[in-house]
Amino acid sequence: MSAPIRVRFAPSPTGYLHIGGARTALFNWLYARHHGGTFMLRIEDTDRERSTPESVRAILDGLRWLGLDWDEGPEIGGAHGPYFQTERIALYRETVEGLRAKGRAYRCTCTREEIDARRKLIGPAYRYEGTCKDDRDPGDKPFVYRFRLPESGRVEFADRVVGKIGKMVSDLYDEVLCRADYVPLYNFGCVVDDHHMGITLVGRGQEHINSTFPQLLLYEALGWQPPEFAHFPLILGPDREKLSKRLHPEADVMLHKKNGMLPEALLNYVVRLGWSHGNDEVISRAQMIEWFDFDRVGSTSGVWDPTKLAWLNQKWIEAGDDKRLAELSLTFFQDRNVPVSANDPKVVRAMALLKGRAKSLSELADQGLFFFTRGLPSMDAAAEAKFLTSAAKPLLADARKLIADHGLADPHALEEKFRALATERGLGLGKVAQPVRVAVTGTTASPPLFDTMALIGQDEVLARLDAVLARIA
RNA sequence: GGCCCCAUCGUCUAGCGGUUAGGACGGCAGCCUCUCACGCUGCAGACAGGAGUUCAAUUCUCCUUGGGGUCACCA
């Protein structure tokens, strides 16, 4: 237990970073950060058909957006590289030949077609039967390297989150280690690299529990000390199926960025899916690092709940720094054809008024458009019909006069003037404020009216009121 | 189907033999209030079922049921 902790996240670059992967990365990252260990990134790009450099970039971008920085890996290197499996072929070759010399690996010339035919015949219970286990010279036939299982026995390990798990060797089969060109398959590459990279604990999703058994047998055959394992509960979609790219669009981490989620909110939501710390719900990155460990990770799958994510996002937007929020909101305003610039103090001031009432940055932008447009805002038809009536016209005219006379610089003072006006007429403040709000913002819901008008500016507010007055018969 | 894992409110979870089974999201009702949101208060809402073990089971064991995962020259 005195060895320094080294963990890794090892995605295959076959698409964007998905939520399940992000949480696996997060749990590993938190474990490393909590214990002062090393978090490394390894790219498992051995599926030559599906791996792409674009996917590598997408995954790195996703991790960076979430703030999950790696101590060793692509782009920064480290003492245990290279960090792309396709650059480590010599190692796999040396290892598989060593295994073959010990009689623990053999060359198999069965073709995919042959195996598929047998599988089709026997059904889902089919296991490769070891046809080629005498390791004959393949001649010029294509072949792969297979692992020779022990005759019998049982594999067991104590998982850090699930507990004791075991399986009979008779339920396993001689699986493919690597192809003839030594490009490894998952279980082989994973074991070889985890060992040579000094990984002390493998943290991954529970879908990998079953691959742990052959991996353990490999460690044994190689004479290597296996790492610890921690298998995290799965994240399920609304349909209770494992969250997947195919079935669930929300599995895409960057989709949430596009939807206006803050990375700290997504991290907060995802860390609570399977891990808890008492009754704490809103948890900062620093607190996660302080509190996280595998003893608090549960073992039951969790269902993705966009509603709770939205709630957390609102909390984190509300807690956000105005300047940073302004920068992050920029793109959302621009998408709505409102050209604003991040260093515009008006944008920063708008954040103070807008945050806390929006569940996402995109909602925030929708709710704040009227701050940055000129002239009559786009009107909510129902609001207009209800509040911008001929009966309200005199009230609006009086309100306009108050604003023209007193200005907007002192919202509290102006509010008192409005209140007096309302009282004079035997009305509540709301009766005056609502028509003005609709006239100025186009809707019935906005930040506090007097602060809102102050930010819009006197000339613009008066212009909007005049335009409305002119529209009312 | 074989194997593996799991099982507390609709959802995320606390609970680590004795609790009025707690919190959060969501829902509902109310308060606050210039609107919305926030906030506050309250209400409804769970130990899958059956055997054991024990003075005592949500908690330990087994079975059933249910759910999920996995059975590739993908990871």
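Within every chain, numbering begins at 1; the chains are lettered A, B, ... in the order of the sequence lines, protein sequences first and strands thereafter. Side chains are part of it too, since the values below use all heavy atoms of this structure and drop only hydrogens, waters and symmetry mates.
A:Pro233 comes within 4.0 angstrom of no nucleic acid atom, judged by non-hydrogen atoms across all strands. Residue contacts for A:Leu449: at a heavy-atom cut-off of 4.0 Å it reaches a base atom on one of the strands shown. Heavy atoms of A:Thr444 sit under 4.0 angstrom from at least one base atom. Using a 4.0 Å heavy-atom criterion, one finds that A:Tyr173 contacts the sugar-phosphate atoms exclusively.
Remark: the separation of the P atoms in B:C9 and B:G45 is 14 Å, to the nearest Å. Rounded to the nearest Å, the gap between the P atom of B:C40 and that of B:C47 is 29 Å.
The pairing partner recorded for B:U11 is B:A24, the criterion being a Watson-Crick or G-U wobble arrangement whose two distances lie under 3.5 angstrom. Partner assigned to B:U61 is B:A51, using Watson-Crick or G-U wobble distances below 3.5 angstrom.
For B:A72, the OP1/OP2 oxygens have a side-chain nitrogen or oxygen of A:Arg119 closer than 4.0 Å. The phosphate of B:C74 has neither OP1 nor OP2 within less than 4.0 Å of any side-chain N or O from A:Ser12. Here A:Lys308 does not reach the OP1 or OP2 of B:G10: none of its side-chain N or O atoms lies under 4.0 Å away. Contact annotation: A:Lys431 side-chain N/O to B:U35 OP1/OP2 distance is not under 4.0 Å. Phosphate proximity of B:G15 to A:Arg296: present, with a side-chain N or O under 4.0 Å from OP1 or OP2. Between A:Thr46 and the phosphate of B:A75, there is a side-chain N or O to OP1/OP2 separation shorter than 4.0 Å. Within the structure, every side-chain polar atom (N or O) of A:Arg146 is placed at least 4.0 Å from both OP1 and OP2 of B:A72. Side-chain nitrogen and oxygen atoms of A:Arg240 include none within less than 4.0 Å of the OP1 or OP2 phosphate oxygen of B:G69.
Remark on RNA chain B: of its neighbouring residues A:Tyr186 and A:Trp275, the 5'-side contact belongs to A:Trp275, judged by nearest-heavy-atom nucleotide. The nearest heavy atom of RNA chain B to A:Arg127 and to A:Glu281 marks one nucleotide each, and the one closer to the 5' end goes with A:Glu281.
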Review point. Yes or no on salt bridge (Lys or Arg N to Asp or Glu O under 4.0 Å) for A:Asp194 and A:Arg8, after CA distance, side-chain angles and deciding distance?
Key: CA-CA 8 Å; A:Asp194 283 340; A:Arg8 46 65 163 186; 2.7 Å; yes
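Between the side chain of A:Asp171 and the base of B:G2, no donor-acceptor pair of N or O atoms lies under 3.5 Å. For A:Arg357 against B:C38, no side-chain N or O and base N or O form a donor-acceptor pair under 3.5 Å.
For residues 403-414 of chain A, the set of pairs meeting the side-chain hydrogen bond (donor to acceptor under 3.5 Å, both in side chains) definition, not counting sequence neighbours, comprises A:Lys401-A:Asp405.
By the side chain to side chain donor-acceptor pair (under 3.5 Å) test, A:Glu44 pairs with A:Arg42, A:Gln85, sequence neighbours left out.
A:Arg437 forms no cation-pi arrangement with A:Phe387, by the criterion of a distance under 6.0 Å to the ring centre and an angle within 45° of the ring axis.
Residue A:Val176 places its side chain closer to B:C73 than to any other of B:U13, B:C73, B:C5.
Between A:Lys242 atom NZ and B:U70 atom C1' the separation is 9 Å, expressed in whole Å.
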